[in-house]
Structures are given as C-alpha cells and as structure tokens.
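A short write-up of the structure that comes next.
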Number of protein chains: 2
Amino acid sequence: MANIKDIARIAGVSITTVSRVINGHPYVSESKREAVLRAMKEADYERNINAVHLIKGRTGLIGIMVPSIKRPYFALVVEGIAEEALRRGYKLVLIQTDYEEERELEALRMLKHKQIDGLIVCSKTSGWSAFETYLEYGPIVAFEDARGSRVPSIFIDHYRAFTEALDYLWDKGHRRIGFCLARRSGTSSRQRIEAYRDFLIRKRRPFEESCVFDDTIHVEDGGPVVERLLDMQHPPTALLVTSDQVAAGILARCRELELEVPRRLALVAFDDQPLARVLGITTFAIPLQEIGAKLFRQVLEGGAGHTEIPVRMIERGTV
Amino acid sequence: MANIKDIARIAGVSITTVSRVINGHPYVSESKREAVLRAMKEADYERNINAVHLIKGRTGLIGIMVPSIKRPYFALVVEGIAEEALRRGYKLVLIQTDYEEERELEALRMLKHKQIDGLIVCSKTSGWSAFETYLEYGPIVAFEDARGSRVPSIFIDHYRAFTEALDYLWDKGHRRIGFCLARRSGTSSRQRIEAYRDFLIRKRRPFEESCVFDDTIHVEDGGPVVERLLDMQHPPTALLVTSDQVAAGILARCRELELEVPRRLALVAFDDQPLARVLGITTFAIPLQEIGAKLFRQVLEGGAGHTEIPVRMIERGTV
DNA sequence: GTAGAAGATGAAAAGCATTTCATGTCAAGC
DNA sequence: GCTTGACATGAAATGCTTTTCATCTTCTAC
C-alpha cells in the first residue's frame, strides 16, 4: 500500500507537507493541500498507524484487566469504560485474566512495552507490589480498594456496606445471618469477612463456618446454596449475597422448592443489576457503569489517590 | 528507556546479535548470548513493541465489533473469543459500536491501518458491501448469516429455528402466537419475521401487527410486554422470545401479576444462557462460547465460506 | 526603507527492531 | 590439501511517520 513518500512524490511536495496536511497543521498553501488530498485519494492512501505509534510512543489503546467478561458485573464496568473511551477517541484492549497471575503480569508488560497507554484493573489476584513496580511505565487505576498502596483506585468500602446490611437484617429480627462470597481470597471478600466477624463480636454471637458460602459467582451457583441451607440443622434466616446474579439463582431455587422469600429466607444482594430490579431483590446500588466511566477518566488524567464510591441499599421485596 | 542499540553497545555485540537472542534464533555463541542477556537485565530493557509491529506489519491484535458488551449474549461470545485468543497468544481490541455505522466503519479502518490483524463482527448494522470492500486488508468473519456476500460467516439459521419453534407451539395447541424481537432491522429479525409470515400463510392465519413486540433486548424490556399483552382483546397464548434475558423479564412480571406460565402464557426463548437454565425456561441452545472460539479460529486461519451452527430446542417448563 | 513577524516548504533526524546479505571461521570429508 | 557446509557475526536496508531545524518569501509596522 502507498505510504507517505509515495503521496509526496505524486503530489510533488515534500513528505513534511503531506504530514502537515494529514495532521491539519497550518502553514500549507491551499494549492498544495489540494494536491496532497488528491494524491491521497488517488493512491487510496491510509496512514500506517504503527509507524505513528512508534514515533509518538503512544497507541491510543487502554488495557482493561478483567477476570471474565461473561460476568455481568464486569460487563457493566467495561460498558461504562467503553462509552467513555469512545467519547475520548480511545480503543480498548481486553485482557481476560481468569485470575491467573501470569496473565496479569502480561497485561503489565504491555504497559511497559508501550502497547497500551494505560491500564484499568477491574479485579486482580496478584499483590499490589507487582502493580506498583509498573506504575512508572504508565498510568494504572484499580477498581478495588488499594488504600495503603501507591496504585490509584476507585473503590467501594465493602466493610461499611456489609456492616450496614448486617445491622439492617439484625434490626429486622434476623439472628442467624449467612453470606455468599465469590473468591474467598479477593480484597472485597476479606473486607466482608472482617465486617462479618466484627458484627458477630459486637452482637456476641459465635462465628459459624457453615454460614459462609464461598465460590458463588454465577447465577447457577445459587441453587446449591439453597440445598445446603435445607440440609442444615439451624439454617440462617437471612443471606447476604455479594452478587445479584447469585441472589437471582437462590431466589429461583427457593421458588422451585416453595421456600418463601422473605418469610423463610431473607436476601440482601449487591450491585443492583437490571436483573435485581426485575426480580424485586433488595440490593445495594453500585453504579457500575458510572464507575467504569470514572475509571477511564482517571486513567487518562493519570491522577493519583483513592476515591470511594458511596453505595446505598435499595429496599425491594426480599427482606 | 534502553533500546536495542544500547543493549548492543553494552554487550559489545551488533544489533543483529541482540535481535537474535531476543527472538531465539540459532547461531549465537553461548558467551555472547549471556552477555546480551546480562545487558538486557542491567538496562531493564524491554522491546518496543510498536517498532516490531511496524516492521512486521502485524500487531497480534484482533478486533471485536460488538454493539454492546453488557448484553450477556455478546459477553458470552466475547468470552469464547477471549479464551481462544489467549490460547493463541493474541490480544483483543473491543470495538463497541452501539449499531452506529460510523463506528463500524472505524473498526474497518483499523484493519486497513493495520492496527488489527483481523476483525470479528458479532453483529452489525451496515450493509455487507462495506465489509466486502475491506476484505482485502485483512480477514473478517461475521457471526451473522452472510450467505450471498463475500464475507465469511458463522451463522445460525434463524428462519429454520423460528419455524421449528412455531410448529412446536402449534402442535401444543397454540393458535395465537406472538414474538419478541430485538432490532427489527437486524438480519436475524428479518429472517424471523419471514419465518413467522410463512408460518401464518401455511396455517392460513392472518398476520397481526399487535403480536410482534420489537426493541425487546434487555431483561427489563420483558415487563412492558406482559403489560401490553394484558391490554389486548385477544392476546397471544404463546410467545417466542429471541433472548433469554427478555424471557426472564417476562416470566418475572407474569409471576408478579399471577399470570400462570405456561398455562396462561407459554414461552420459548433463545440462547440457553445460564439464566434460562435456572429459571426453567424452554429455549433454543445456542453454544455462544463455542461459537466465539470458532469465530476466532476462522479469523486467524483466514478461511472463507459460511458455516451453519445447528441449534436445538431444550424443553423446560415454560411451554 | 528596513527590521521583524508570519507564512511556506523541505531535508534530515528520530523513533526501534527485523531481516537480508555479505563475510569470516572452523571442522568434516574426500 | 582443498572443498563444502555449518556456525557466527555485523553492516545496512527496511518498515513509515513526525518533528526539528534551516531556509526562503512576503507582509506589516515603524
């Protein structure tokens, strides 16, 4: 394909002039501009973007690290990021990690390689220090509580939200409260477990391992929770569920088994995804799309610091 | 940051030798290899990938054109693509189009620019001719019935599936069958409308505009459908719903209004997403993730032709 | 009338790695 | 002793665009 040199030759001008026309710089006479444009059309010229990237040292690409895009939670964040990226003329590179450190590292290497101009970490498994090391190569921002690290973050105080939810259920008369987590080792899970333990201490109640259900991530993970519940001597009367999807799965199985919600089992979920609205699930509103947009803006501006996103409970019919 | 020239200088070898070490070419003596590796470590060298892209004319990036990633349907396809991409060492550029032609065109331009090595079109609004024009710049593959065009495709015969579903409902005694569509102008919607019209002709039944519900895309679009149904003099007794999400929304509203499914309203949906499994929705299994993987393989291999993906109905409890 | 600014243009450097081609060494084989 | 092939190495070309610097012209203002 034709390159800028060819165009210069065809139009009878220098390469510089062609570049000026392409980039809209001033100081090009109308006649030459037209000649260049004509030549470009004639030769079906298209700028080789990789040469531009090389010389500019930027690519207009932002990396998004997500464990799995099929989880609506992340899909919503990415949607928010994508909308903002579009508005700013950036493209996104999707890096699906499945929580494997090696893949997370590869995303960081892309930053060092200058293949991406910045990196948005939606969730991760490696320690913060790995990310801090790469901070010098380009902006990174995380959607996870990174306070205490040098990685800028936009986060939700899960300790506070969980505490609020627990108190709410307690006030509604629930004395045995269980909860569902995704990965036990995740940052937010650890905060939630801490909130749970502190709550129990405050209420002088014993911690019971049987009340925590982990690895509940997808809608189909809800059913088994209900079955385990039914097998218990003293099952919890309320469940805090860290994802609307799982809550929907629980709700569906409860209906099948004619276990009344909220009479027999109360549910408080998180995210306020459309599904929760439709099913009337009491949940914490987390503005995932807006958070996505914020993440994008922050990574572009390269700002430091940690921003908390407030969440609030939306009462519907499951408590 | 250090470049290959610096490394060559530090290691006391030529640039070529450094390049050989980096790329694992043979014919490098052990002593020089070590010297180069030492120099690379010392100078914290990282290859500038954009220079590599420039000279190779490839980027290891595949573009994915999706209208909106937050729709689970597309998220699942992308998940499948991403898994396969990872296996093959490719990265993905997400191009969210929102069905705007300008953005679709921009994705095509990326192919021409050589910013991406290939393009997967999950759904689109522009005509095929636009895509055909760009076929010369790199492989394109579409997840949409492109028979009759030169764009390779992996597709589902929606005419056939719809016909099968209609006959099934007819055999179950339904005489008034309505259906929900996403965008009316989409390729699959047109095929489905055709199937519906042909079905009515075959059964000597009149076409009634009030039985088609369009722009139903998300889970929250289900409720309004039920409300419109209740307002009708002679509402359909069965609904074909082109997405599990919408079917879930319909089901939820039916329960709220105590409209028994399937006694008062039967539902057949499409996709067989996890949500449909959990809610016991009768639906057509479309292996979206596998299709994603297939799309990726095809775009890599640059194969032509059209491949039909067979679908089959899964009977659950909504008919 | 002249200094200085503004406008116009192009040569060349810079950005960086890969690959081809040329050259040289050494050992095996006849 | 000489040819041939395998192994080693580097100079230079290649991929393509942006940007700096230098040069030249043409006004404008005093």
Side-chain angles (χ1 to χ4, degrees), chain A residues 1-40 43-61 109-117 137-138, chain B residues 1-40 43-61 109-117 137-138:
Chain A
M1 213 165 58
N3 61 25
I4 197 171
K5 210 167 144 186
D6 298 327
I7 303 303
R9 193 170 27 73
I10 297 172
V13 300
S14 72
I15 291 176
T16 314
T17 301
V18 178
S19 178
R20 286 208 181 90
V21 172
I22 293 170
N23 296 288
H25 284 303
Y27 298 166
V28 179
S29 66
E30 204 44 48
S31 63
K32 299 221 167 173
R33 180 187 309 282
E34 272 165 25
V36 168
L37 291 173
R38 214 169 25 244
M40 286 188 355
D44 190 29
Y45 171 75
E46 199 78 25
R47 194 163 66 142
N48 183 323
I49 211 102
N50 290 316
V52 179
H53 291 165
L54 171 59
I55 198 155
K56 294 233 184 196
R58 283 181 292 108
T59 57
L61 252 31
R109 269 191 232 112
M110 287 178 78
L111 196 61
K112 191 171 181 182
H113 275 149
K114 296 178 181 303
Q115 187 166 18
I116 51 177
D117 294 346
Y137 301 113
Chain B
M1 212 165 57
N3 60 25
I4 197 170
K5 208 166 146 188
D6 298 326
I7 303 304
R9 191 167 30 71
I10 297 170
V13 299
S14 73
I15 291 177
T16 314
T17 302
V18 178
S19 179
R20 287 209 179 88
V21 173
I22 293 170
N23 294 290
H25 284 303
Y27 298 166
V28 180
S29 66
E30 204 44 48
S31 64
K32 300 221 166 172
R33 180 188 308 283
E34 273 165 23
V36 168
L37 291 174
R38 215 169 24 244
M40 286 186 358
D44 190 28
Y45 172 73
E46 200 76 26
R47 196 164 65 142
N48 184 322
I49 211 101
N50 290 317
V52 178
H53 292 166
L54 171 59
I55 198 155
K56 295 231 183 196
R58 283 181 292 109
T59 56
L61 253 32
R109 269 192 232 114
M110 287 178 78
L111 196 62
K112 191 171 182 183
H113 276 147
K114 297 178 180 304
Q115 187 166 16
I116 51 178
D117 294 347
Y137 302 112

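Note on naming: letters A, B, ... go to the chains in the order of the sequence lines (proteins, then strands), and numbering restarts at 1 for each one. The shown structure was predicted, so the numbers you read here are calculated from the model rather than taken from an experiment.
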Could you go through nucleotides 8-12 of chain C and list every protein N or O atom that sits under 3.5 Å from one of its N or O atoms, giving the distance for each pair?
residue, atom, partner, partner atom, Å
C:dT9, OP1, A:Ser29, OG, 3.0
C:dT9, OP2, A:Ser29, N, 2.7
C:dT9, OP2, A:Ser29, OG, 3.1
C:dT9, O4, A:Arg20, NH2, 3.4
C:dG10, OP2, A:Ser14, N, 3.0
C:dG10, OP2, A:Ser14, OG, 3.1
C:dG10, OP2, A:Thr17, OG1, 2.7
C:dG10, O6, A:Arg20, NH2, 2.9
C:dA11, N7, A:Thr16, OG1, 3.4
C:dA11, N6, A:Thr16, OG1, 2.7

Problem set entry | B:Thr17 versus B:Ser14, side-chain donor and acceptor atoms under 3.5 Å |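 Yes, side-chain donor-acceptor contact under 3.5 Å.
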According to salt bridge (charged side-chain N to carboxylate O under 4.0 Å, His left out), who are the partners of [X], at least two apart in sequence or on a separate chain?
X        : result
B:Arg33  : B:Glu30
A:Lys112 : B:Asp44, B:Glu46
B:Arg38  : none

Exercise. What nucleotide among C:dA17, D:dC16, C:dA14 has an atom nearest to a side-chain atom of B:Ile4?
Worked result: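 Closest nucleotide to the B:Ile4 side chain: C:dA17.
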Exercise. Which nucleotide in the list C:dT19, C:dT18, D:dT18 gets nearest to the side chain of A:Val52?
Worked result: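 Out of C:dT19, C:dT18, D:dT18, the nucleotide with an atom closest to A:Val52's side chain is D:dT18.
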Atom [atom1] of [X] to atom [atom2] of [N]: distance rounded to whole Å?
X       : N      : atom1 : atom2 : result
A:Lys56 : D:dT17 : NZ    : P     : 13 Å
A:Arg33 : C:dG7  : CZ    : P     : 13 Å
B:Ile49 : C:dG15 : CD1   : P     : 19 Å
A:Met40 : D:dT17 : CE    : P     : 11 Å
B:Leu54 : D:dA13 : CG    : C1'   : 13 Å
B:Asn50 : D:dT18 : CG    : P     : 14 Å
B:His25 : C:dA17 : NE2   : C1'   : 11 Å
A:Lys5  : D:dT14 : NZ    : P     : 8 Å

For [N], take OP1 and OP2 only and decide whether either is under 4.0 Å from a side-chain N or O of [X].
X       : N      : answer
B:Ser19 : C:dA17 : no
A:Tyr45 : D:dT17 : yes
B:Asn23 : C:dA17 : no

For this session: Can you measure from CZ (B:Arg20) to NE2 (B:His25) and round to the nearest 0.5 angstrom?
Result: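 Atom-to-atom, B:Arg20:CZ and B:His25:NE2 are 7.5 Å apart.
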For this session: State, with a plain yes or no, whether a side-chain heavy atom of B:Ile22 is found less than 4.5 Å away from one of B:Ile4.
Result: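 Side-chain contact under 4.5 Å: yes.
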Exercise. Side chains of A:Gln115 and B:Leu61: does their closest heavy-atom pair fall under 4.5 Å?
Worked result: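 Contact flag for A:Gln115/B:Leu61 side chains = yes.
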Exercise. If only atom types and distance count, is the side chain of A:Asp117 paired as donor or acceptor with the main-chain N or O of A:Thr59 below 3.5 Å?
Worked result: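 Yes: the side chain of A:Asp117 pairs with the backbone of A:Thr59.
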Problem set entry | salt bridge (Lys or Arg N to Asp or Glu O under 4.0 Å) pairs, two or more places apart, involving residues 47-59 of chain B |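 Non-adjacent pairs meeting salt bridge (Lys or Arg N to Asp or Glu O under 4.0 Å): zero.
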For this session: Please round to 10 degrees the angle between the axis of the first five pairs and the axis of the last five pairs in the helix from C:dG1-D:dC30 to C:dC30-D:dG1.
Result: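 The value is 40°.
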